[in-house]
There are 2 protein chains.
Amino acid sequence: MALKHVILTVLHEGPATGYEIVKAFDDVMGYFWNASHQQVYHDLGRLTEAGLVRFTEVSQDHRPDKKVYELTSEGRDALRHWVEAPMKPQRTQDELLVRLLAGERVGSQGMEDLVASQRTLHEEKLRTYLAIEAEHFREVPLEALPPEHRLVYMTLRRGILGERAWLAWADEVEAVLATMRE
Amino acid sequence: MALKHVILTVLHEGPATGYEIVKAFDDVMGYFWNASHQQVYHDLGRLTEAGLVRFTEVSQDHRPDKKVYELTSEGRDALRHWVEAPMKPQRTQDELLVRLLAGERVGSQGMEDLVASQRTLHEEKLRTYLAIEAEHFREVPLEALPPEHRLVYMTLRRGILGERAWLAWADEVEAVLATMRE
DNA sequence: TATCTCATGTAAGTGGTTACATGATTGC
DNA sequence: GCAATCATGTAACCACTTACATGAGATA
């Protein structure tokens, strides 16, 4: 249900093509949402059917034709209602934890490697986020940031705090795995 | 793909009914995995077809009949291979962050309430986890814990560290929302 | 008398991934 | 000449949710 609303949120900023929305997932939204281009195009189709967005086809020279989507007033209303609606509990499914338990039970020897490889990924993410923070959000106090950037910054902070917590946990796990090695 | 492996992991401990596996999600695995009973029964069917588990029907007095599932040796092998297989990136989809951005854009007045209600949920979770930790895992040093409980404890620690990070982030968000109120 | 526990499922639908498909233009 | 960017989609499949369905026994 949520991807549709993510798309509506992007389009609330202004008209965009499916291609541009997909890019937004790789750029700004990458650290709290991801979606394949297929799913985005699919949902744009559903949203159009539902009358929440509309598009105008634009033919271009030297480039494929494109469809520029924009919110309808129904889409704007739908987004407004969704924001205020009660949130149902997110599901938690952490595959690494399952692997650790399973690995212990089957007597796997590769659990240190498994954790180490995940650690690398999380360290990279954290480094990226900190670089973005240093470049775009180093203003202190917060009031120095333009209001419309403050919550965007908070989504980045979520990533930073989340990754730090993960890494602190990984330290504990590595210590535990060391006690079990002997 | 992963729920099947979670089920195999549970069954590696010993035979169980679908009902008991579902209960395990409410108890021990609740803080890092959840699944509906329908999905569990469905996947037990698929796993049986695939020859990774088998069941024996047990008829009971004063109780419905039940199917007691156990791992086959193929199932044991499949679990062993899965543990060592490379992990593909998990998807990140944080609905609350989308709501905050959307709420800002549509000019919603209810964002403090939204964050507050989520905070309550996370505080409750943290309290539960800390209670479990105090009751079952207070042994220090870690070597005092039986080896087979140490990684189980680490799954709990993941929950604790994750919830604390979430709450620290919520503090920041509330401060930001306060700057935007004026 | 009402709710909880035990115990298992079907059917319909939502949300998402993976593989496949096309094809011109721009930059190294 | 080769990869990346721009730009859109279909088809098959996988994972999961929600609603519906049944029914006995134990507990308050």
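Letters go in sequence order (proteins before strands), and every chain restarts at 1. The analysis underlying the following values was restricted to heavy atoms, covering all of them including side chains, and did not include hydrogens, waters or symmetry mates. Quantities reported herein were computed from a predicted structural model and do not represent experimental measurements.
No more than 12 heavy atoms of other residues, nucleotides or ligands shown are found within 6.0 angstrom of NE2 on A:His42.
Computed from coordinates, the A:Phe55 CZ to D:dA7 P distance equals 16 Å when rounded to whole Å. Straight-line distance from the CZ atom of B:Arg63 to the C1' atom of C:dT5: 8 Å, rounded to whole Å. The interatomic distance linking A:Tyr19 (OH) with C:dA24 (P) rounds to 17 Å, in whole Å. Atoms CD (A:Glu49) and C1' (D:dG9) sit 15 Å apart, rounded to a whole Å. The separation between B:Glu57 atom CD and C:dC6 atom C1' is 16 Å, rounded to whole Å. One atom, NZ of B:Lys66, and another, C1' of D:dA24, lie 15 Å apart when rounded to the nearest Å. One can place CZ of A:Arg91 at 15 Å from P of C:dT14, the figure rounded to the nearest angstrom. Atom CZ of B:Arg46 is separated from atom P of D:dC13 by 15 Å (rounded to the nearest Å).
Residue A:Lys88 has no polar side-chain atom (N or O) positioned under 4.0 Å from OP1 or OP2 of D:dT17. For D:dT8, the OP1/OP2 oxygens have a side-chain nitrogen or oxygen of A:Tyr41 closer than 4.0 Å. Remark: A:Ser36 is in phosphate contact with C:dT17, judged by side-chain N or O atoms under 4.0 Å from OP1 or OP2. The phosphate of C:dG16 has OP1 or OP2 within less than 4.0 Å of a side-chain N or O from A:Gln39.
Within 4.0 Å of B:Glu20, counting heavy atoms only, lies no atom of the nucleic acid at all. Contacts of A:Gln93 with the nucleic acid, taken as non-hydrogen atoms under 4.0 Å apart, involve only primed sugar atoms and P, OP1 or OP2.
Heavy-atom distances to DNA chain C give each of B:His42 and A:Ala35 a nearest nucleotide, and the one nearer the 5′ end belongs to B:His42. The 5' end of DNA chain D is approached more closely, in terms of each residue's nearest nucleotide, by A:Lys23 than by the other of A:Lys23 and A:Gln38.
With respect to the salt-bridge test (charged N to carboxylate O, under 4.0 angstrom), the residues A:Glu49 and A:Arg46 qualify. A salt bridge links B:Arg157 with B:Glu133: the distance from a Lys NZ or Arg NE/NH1/NH2 to an Asp or Glu carboxylate oxygen falls below 4.0 Å.
On a pure distance criterion of 3.5 Å, a polar donor-acceptor pair joins the side chain of A:His37 and the base of D:dG9.
Within the cation-pi definition used here (under 6.0 Å to the ring centroid, within 45° of the axis), A:Arg99 qualifies as a partner of B:Trp82.
Not a single donor-acceptor pair under 3.5 Å links the side chain of A:Arg119 to the backbone N or O of A:Val115.
Here the side chain of A:Pro64 is nearest to one of C:dG23, C:dG16, C:dG9, namely C:dG23.
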